[in-house]
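Only a predicted model underlies this, so the values are computations on that prediction, with no experimental measurement involved. Quick note: numbers below take in every heavy atom, side chains included, and nothing from hydrogens, waters or symmetry partners.
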Amino acid sequence: MNRFILLAFLVFSAETLLVAENWDVQSDTWVATDKLGRTLPTFEQTGPPKKNKIVAMFYFLWNGRHGEQGPFDVTEILKKDPDAMKKKDSPLWGPIHAPHHWGESIFGYYVGEDEYVLRKHAQMLGDAGVDVVIFDVTNQLTYPESYRALCKVFSDVRAAGNHAPQIAFLCPFGTPKKVVHELWRDLYSKGDYADLWFRWDGKPFILANPEWILESIQSKRVAGRDAPVELKTTLGQKFTVQKPFLQIGAAIPTWCTKDSGFTITLRQSGPNGKVVKSADILNHPDNNWGMMKFAEPLPPGTYYLELSKPQGKAGWWCAAPHRDFADGLQGFIDGEETESNFDMILVLGDEESPKILDFFTFRKPQPDYFQGPTGPNQWSWLEVYPQHGFYALEQDSGGNERKIIEEVSVGIAQNAVDGKLGVLSNPRAHGRSFHNGKQPAPEDCDYSGRNFDEQWKRAYELDPKAVFITSWNEWIMGRFDEKAPFHGSDVVSFVDQFNHEFSRDAEPVKGGHEDAYYYQLIGHIRRFKGTRPLEKIVSKLITIDGKFDDWTDVKPEFRDTIGDIAHRSERGWEAGSRYENTTGRNDIIAAKVSRDENNIYFYVRTAGPLVGQNDGNWMILFLDTDCKTDTGWLGYDFVFNRIPVMLEKNVGGKYEWDAQREIEYKIGEKEIELAIPREALGNPQTIHFKWCDNIKQTGEWSDFTLHGDSAPNDRYNYRAE
């Protein structure tokens, strides 16, 4: 049987995603119960797949890109010295601002170019239903070594027929020009990995403020004062510019006054010059840019930018004596030369920027956790509960504009303290257990993800097209001290992550919550997107003869990821460290189940010829015959072929087994079939099952993720009804 189905293209009507799916493993029909006993919802709980629902995951590229010191693991440091947070000079800490880990991934202290880990990420996020990973490039660095390594692996995974998320970038919240131009030159203009580009409204998607993409000249702020403009007066800035410009603006203080506004006017020559253009700006946030655009570039020359007609409170930055601005800008206040502390920006008309503006679909990222959208076509990356709906404007059938909720952010935790941007190392921050408006006492915190659940509840209420989840693989954070510009800082401070409770990463971790947040993530994605119904078993007469043709019409075919047995030989975080893993052996890709009144029949197929039969841990079948995880080991009541050809029964819920009987089976080049008497299994109607090859039999759930191959992946099981 050909292992590939016909190539099919799925195009969301929102034009967000173009996916070539050759080998649909139907992971949304897999079943699993996590370490807390929570069972994944299936079709009966979620309903059918919903149209135009997109899940984006915040993803980090900087692991290993900022030196090889450490790893400095905060969790391990606090085990050694519980009072270390009070000791700024403790030798356990790394240098100030150096990356520290909040915990250790089940894949170790890895770096961003580890192809083994990247392949696992593609598989785990793809199985979960994540459509796009959005890279963090907010710190003015694009990390091309890391994103190219990921693109290579994700493209390979997709070329093998599997699902892997697409890619996009979250650019700096302030001025993203440098980053967007770098991404354009290094990736998008070359057409590299175009199959991975996440698209929205028919174009590659990017989170960046399009107003700041064009080349610009900006004055530099120095110490000065903010002066309010009175109702019947004006404040202004005279300047000379030597290049054509398309936009002009100023950073206008409004003293955090609600609903402040003003008129901004550009004149020729000076305060009494001819008006070039005026614009009324309303609802202006404090010190944001008040901008004015022109249809065609204005020529070089001397101009005067004027502020007037304040609503609420608005003003101007000003100072004394004369200085020259960058590129020939020279400051005046009311016609007098001055060292203006006024933040002015001119947007020039370069050749590259118009191409960029036409190429992408832009959404302006909102950095604030509390404010919500200030206009249409913005997206949030993280907010406190209750989150806002970020909207786009669409026309109804009558030609009237209406707001459509396009995106909502969902976070696992938030570095918010007392209603302000803060540090996650502060005990009043919004940790994983935060809910109902407060952070529980340490003894009342757990791994159930109450913060995450509350944020998802809000997302369901708003029902957006897209959910942006923070985050995955966010293992590191810089160390700060009490001078850090974040609320709640202390002598030792960590902003975005801290420890198991005060962190926002869904990737499985060693110890602590382990993989609980991964399966919580999957459950919520299923509720948001819907799932497909499980196909009932269609049995045929099976003869255990090693010919396998009688399995052709048995349905369904339970599938597993193709090519997920890659070996690992990659450097770790610390200089000289290395991770090795050569357990990948037989690549399991499909299984089936049939039954009659006497037997239950099992079939499995691998991508290549079966090998290693005499090397141990070979092609093991786990069976959960009562579909209860509180009986057996991880729910498995029986295991076949742990000891060759032997069916064994679990003993006491531990990884201990009691031999029952030999089972008839046949082996082909790539296939195995066997028959187990129904009475030997207690005559079950429904079975959860899993095939594995070359796991290490550690007795830990992580064995399925880290070693050999498991079908289906990780904790998942197939359900045969």
- Message: Trp197 and ring pair (Phe, Tyr, Trp, His ring centres under 6.0 Å): which single residue from Phe359, Phe205, Phe154, Phe360 fits?
- Response: Phe359
- Message: Please tell me whether Glu501 and Gln439 have a donor and an acceptor in their side chains that are separated by less than 3.5 angstrom.
- Response: yes
- Residue of the set Trp475, Phe498, Tyr109 for which ring pair (Phe, Tyr, Trp, His ring centres under 6.0 Å) holds with Trp102: Trp475
- Atom pair CD/CG of Gln378 and Asp368 - distance to nearest 0.5 Å: 11.0 Å
- Message: One pair to check against ring pair (Phe, Tyr, Trp, His ring centres under 6.0 Å): His100 and Phe494. What are the steps and the verdict?
- Response: CA-CA 9 Å; His100 286 58; Phe494 297 97; 5.4 Å; yes
- Query: Do Gln387 and Ser409 have side-chain N/O donor and acceptor atoms under 3.5 Å apart?
  - Reply: no
- Is any side-chain N of the basic residue among Lys364 and Glu211 closer than 4.0 Å to the acidic one's carboxylate O? no
- Task: Using only heavy-atom distances, determine whether the side chains of Tyr385 and His430 contain a donor-acceptor pair under 3.5 Å.
- Result: no
- Note: Glu407-Lys465 ion pair, threshold 4.0 Å (strictly below): no
- Task: Could you tell me which residues satisfy side-chain hydrogen bond (donor to acceptor under 3.5 Å, both in side chains) with Asp114, sequence neighbours excluded, listed by chain and number?
- Result: Arg568
- Item | Distance, nearest 0.5 Å, that separates NZ of Lys510 from OG of Ser702 | 8.5 Å
- Task: Name all pairs fulfilling the salt bridge (charged side-chain N to carboxylate O under 4.0 Å, His left out) condition that reach into residues 427-440, sequence neighbours left out, sorted by first residue then second.
- Result: Asp418-Arg428
- Message: Taking the ring of Phe72 and the ring of His101, is the distance between their centroids below 6.0 Å?
- Response: no
- Note on the structure: Residue set satisfying ring pair (Phe, Tyr, Trp, His ring centres under 6.0 Å) with His121, at least two apart, ordered chain then number -> Tyr59, Tyr110, Trp472
- Message: Going by side-chain hydrogen bond (donor to acceptor under 3.5 Å, both in side chains), name the residues that satisfy it together with Lys190, two or more places apart in sequence or in a different chain.
- Response: none
- Task: Run the salt-bridge test on Lys177 and Glu352 with the 4.0 Å N-O cut-off and return the result as yes or no.
- Result: no
- Item | Within 6.0 Å of NZ in Lys420, more than 12 heavy atoms from elsewhere | no
- Stepwise side chain to side chain donor-acceptor pair (under 3.5 Å) test for His66 and Tyr143: CA-CA 10 Å; His66 292 276; Tyr143 305 105; 2.8 Å; yes
- Task: Verify whether one side chain among Asp136 and Thr138 offers a donor that lies under 3.5 Å from an acceptor in the other.
- Result: yes
- Rounded distance (nearest 0.5 Å) linking atom CH2 of Trp379 with atom CD of Glu406: 6.0 Å
- Query: Using the ring of each side chain (for Trp, its six-membered ring), is Tyr517 parallel, tilted or perpendicular to Phe452, with breaks at 30° and 60°?
  - Reply: tilted
- Provide the full list of salt bridge (charged side-chain N to carboxylate O under 4.0 Å, His left out) pairs with a residue in residues 163-174, sequence neighbours left out, each pair given once. none
- Item | Ionic contact status for Arg504 with Glu474, cut-off 4.0 Å | yes
- Item | NZ/NE/NH1/NH2 to OD/OE distance under 4.0 Å, Lys457 and Glu454 | no
- Message: Can you tell me how the ring of Trp62 sits relative to the ring of Phe60, calling it parallel under 30°, perpendicular over 60° and tilted otherwise?
- Response: tilted
- Note, Asp496 side chain near Leu424 side chain (heavy atom, < 4.5 Å): no
- Message: I need the Leu61 CG to Arg148 CZ distance, nearest 0.5 Å.
- Response: 12.5 Å
- Consider only side-chain N and O atoms of Glu482 and Ser489, and report whether a donor and an acceptor are under 3.5 Å apart. no
- Query: Under 4.0 Å between a Lys/Arg side-chain N and an Asp/Glu carboxylate O for Asp481 and Lys88?
  - Reply: yes
- Message: Taking side chain to side chain contact (heavy atoms under 4.5 Å, CB included) as the definition, give me every residue that meets it alongside Leu357, ordered by chain and number, with sequence neighbours left out.
- Response: Pro210, Ile213, Leu214, Phe362
- Query: Can you check side chain to side chain donor-acceptor pair (under 3.5 Å) on Gln123 and Asp714, steps first, answer last?
  - Reply: CA-CA 10 Å; Gln123 170 243 301; Asp714 307 311; 3.0 Å; yes
- Item | Shortest non-hydrogen separation from Pro427 to Phe502 and the atoms involved | O-CZ, 3.8 Å
- Message: Can you give me the closest heavy-atom contact between Leu706 and Asn581, atom names plus distance?
- Response: O-ND2, 2.8 Å
- Here the gap from Leu170 atom CG to Phe468 atom CZ, rounded to the nearest 0.5 Å, amounts to 5.5 Å
- Any donor-acceptor N or O pair under 3.5 Å, side chains Thr698, His707: no
- Query: Taking everything shown except Lys178 itself, do over 12 heavy atoms lie less than 6.0 Å from its NZ?
  - Reply: yes
- Please test His163 against Asp127 for side chain to side chain donor-acceptor pair (under 3.5 Å), starting from the C-alpha separation and ending with a verdict. CA-CA 8 Å; His163 172 62; Asp127 289 346; over 6 Å; no
- Item | Nearest-0.5 Å distance that lies between atom CH2 in Trp93 and atom CZ in Arg479 | 7.5 Å
- Going by distance alone, is a donor N or O of one side chain under 3.5 Å from an acceptor N or O of the other, for Ser569 and Arg578? yes
- Any side-chain donor-acceptor pair under 3.5 Å between Gln520 and Asp453? yes
- Show your working on side-chain contact (heavy atoms from CB on, under 4.5 Å) between Ser380 and His388 and close with a plain yes or no. CA-CA 8 Å; Ser380 165; His388 298 84; over 6 Å; no
